[in-house]
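Let me begin by presenting the structure, written as structure tokens, before commenting on it.
Owing to the predicted nature of the structure, the values given are computational and were not obtained by experimental measurement.
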Amino acid sequence: MRSVSRAAALLLSLFVHALTLAFMAVGCWIIWANARLAVFWLIGLLLIGIGVLLLPRARRLPADAEVLGRSAAPELYAAAERVARAMGVEPPETLAVCDLAVATEVLRAGRRRVLLIGLPPWLVLSPRQRVVLLARAYAAEPDDGRIVGGALAGLAVWRESLLRGKEAPGRSDVHTRIGATLGSAGTPSGAYAGMGTMGRGLGAVLGLPVLALEWALTRLVQAARGDAAAEELQRVRRVATDAEPAELDGLLRDGRFLAPVQAAALRGQSAAEIRAAARDRTDAGDRADAGDRADTPEPEDGLLTAGASERIDAELSGHFARAIKGFGLIS
């Protein structure tokens with residue numbers, strides 16, 4: 001089922017890209033065949049512009065992400081590489097941190113694979129939980145490729161441009177000033193309103209097929225990823241016990257870690273104090289659950305020892321100190 005969904009998504013993505021190239025080709029042909037008429041130049045340039053607008057673009061890192069050089073965080077790079085090799089995947093070329101992001105994910109920014117680490121959960125997780133977090137990020141890395149991802153990005157641009165276009169800020173003020181300066185000759189009656197209506201009508205006509213394409217492609221991608229959930233969990237289990245992924249998911253999904261961290265940040269506690277309090281809560285929970293975990297195999301700790309985890313904390317100390325100031329903004 002997964003292979004069928006992926007094949008269908010690939011075919012639909014190729015159709016979207018072919019449509020993009022068709023806009024540009026038709027625009028060029030209109031200009032070439034009617035080079036002496038200005039109106040055809042306008043039409044041709046419009047079609048070419050639509051094609052350029054829909055061309056797939058490389059994803060960029062979030063604006064608040066900060067790339068870490070290998071020399072600035074050698075222990076973090078080493079840990080990320082150890083977990084990746086244990087998972088059987090290629091280590092990321094670049095590591096980056098986000099002050100207020102909760103998720104940790106692997107994404108492709110341009111030609112680089114980047115491991116983006118959200119600092120709030122990373123601050124409070126134990127070494128074992130950090131390993132599981134990295135494993136989940138590697139296992140969940142999308143394998144849609146540039147073809148499918150580019151098609152989804154192009155359709156999103158098309159949808160936003162056609163169906164959610166809004167009046168340019170200050171356009172009404174400019175219209176009024178032109179009328180006051182040039183009189184009625186400078187502002188044809190209903191010109192702006194008429195063009196806006198035509199634009200919205202064009203968007204409604206062309207937007208419906210775009211919405212249908214985007215919906216279908218999104219569903220196919222989700223189906224392919226959904227079928228891969230069991231495979232992802234199996235890959236995570238290469239470095240984690242059966243219970244650890246579910247425990248980490250519950251901690252992050254429910255946001256249970258967030259309230260104590262925000263309260264500590266408001267009290268002015270340092271990153272070391274917040275982490276020590278989180279470690280105490282984890283140790284207390286482990287003692288409470290000791291009976292339930294009697295038959296659980298001892299987790300492998302060679303991927304990230306306590307000492308290595310502390311050295312990572314030292315590498316990220318400046319980032320933690322800056323991020324704590326904004327923890328209250330996380331919801």
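Under the side chain to side chain contact (heavy atoms under 4.5 Å, CB included) criterion, L19 pairs with F23, not counting sequence neighbours. For the salt bridge (charged side-chain N to carboxylate O under 4.0 Å, His left out) test, residues two or more places apart in sequence or in another chain that qualify with E214 are R159. Evaluation of the salt bridge (charged side-chain N to carboxylate O under 4.0 Å, His left out) rule for E66 yields R322 as partners, not counting sequence neighbours. L37 meets the side chain to side chain contact (heavy atoms under 4.5 Å, CB included) test with V39, F40; sequence neighbours excluded. Applying the side chain to side chain contact (heavy atoms under 4.5 Å, CB included) criterion to M87, with sequence neighbours excluded, gives V83, V89, A135, Y138, A139, R235, V239. Applying the side-chain hydrogen bond (donor to acceptor under 3.5 Å, both in side chains) criterion to R112, with sequence neighbours excluded, gives no partner residue. Among residues two or more places apart in sequence or in another chain, the side-chain hydrogen bond (donor to acceptor under 3.5 Å, both in side chains) test is passed with D242 by R237. Applying the side chain to side chain contact (heavy atoms under 4.5 Å, CB included) criterion to E310, with sequence neighbours excluded, gives no partner residue.
Among residue pairs with one or both ends in residues 130-140, those qualifying as salt bridge (Lys or Arg N to Asp or Glu O under 4.0 Å) are R130-D313, R136-D249; sequence neighbours excluded. Residue pairs meeting the side-chain hydrogen bond (donor to acceptor under 3.5 Å, both in side chains) criterion with at least one member in residues 16-42: none, sequence neighbours excluded. Pairs of residues two or more places apart, or lying in two chains, that qualify as side-chain hydrogen bond (donor to acceptor under 3.5 Å, both in side chains) and include a residue from residues 72-93 are R70-E81, E75-R311.
Taken together through direct or relayed side-chain contacts under 4.5 Å among Ile, Leu, Val, Met, Phe, Trp and Tyr, L116 and V67 form part of one hydrophobic cluster. In the hydrophobic clustering of ILVMFWY residues, with side-chain heavy atoms under 4.5 Å counting as a link, I31 and L21 come out apart. Note on V26: it does not cluster hydrophobically with L42, by side-chain heavy-atom contacts below 4.5 Å among ILVMFWY residues. W215 and L155 sit in two unconnected hydrophobic clusters of ILVMFWY residues. Membership requires side-chain heavy atoms under 4.5 Å apart, directly or through other members.
The line from CZ of R113 to OG1 of T94 is 10.0 Å long, rounded to the nearest 0.5 Å. Q262 CD to L266 CG: the interatomic distance, rounded to the nearest 0.5 Å, is 7.5 Å.
Side-chain atoms of S317 come within 3.5 Å of backbone atoms of A314 as a donor-acceptor pair (strictly under, hydrogens ignored). For E247 (side chain) and E244 (main-chain N/O), no donor-acceptor pair under 3.5 Å exists by modelled atom type.
Residues S13 and L217 are in side-chain contact: their nearest non-hydrogen atoms beyond the backbone lie under 4.5 Å apart.
The residue from L107, V97, L134 that alone fulfils the side-chain contact (heavy atoms from CB on, under 4.5 Å) condition with L115 is L134.
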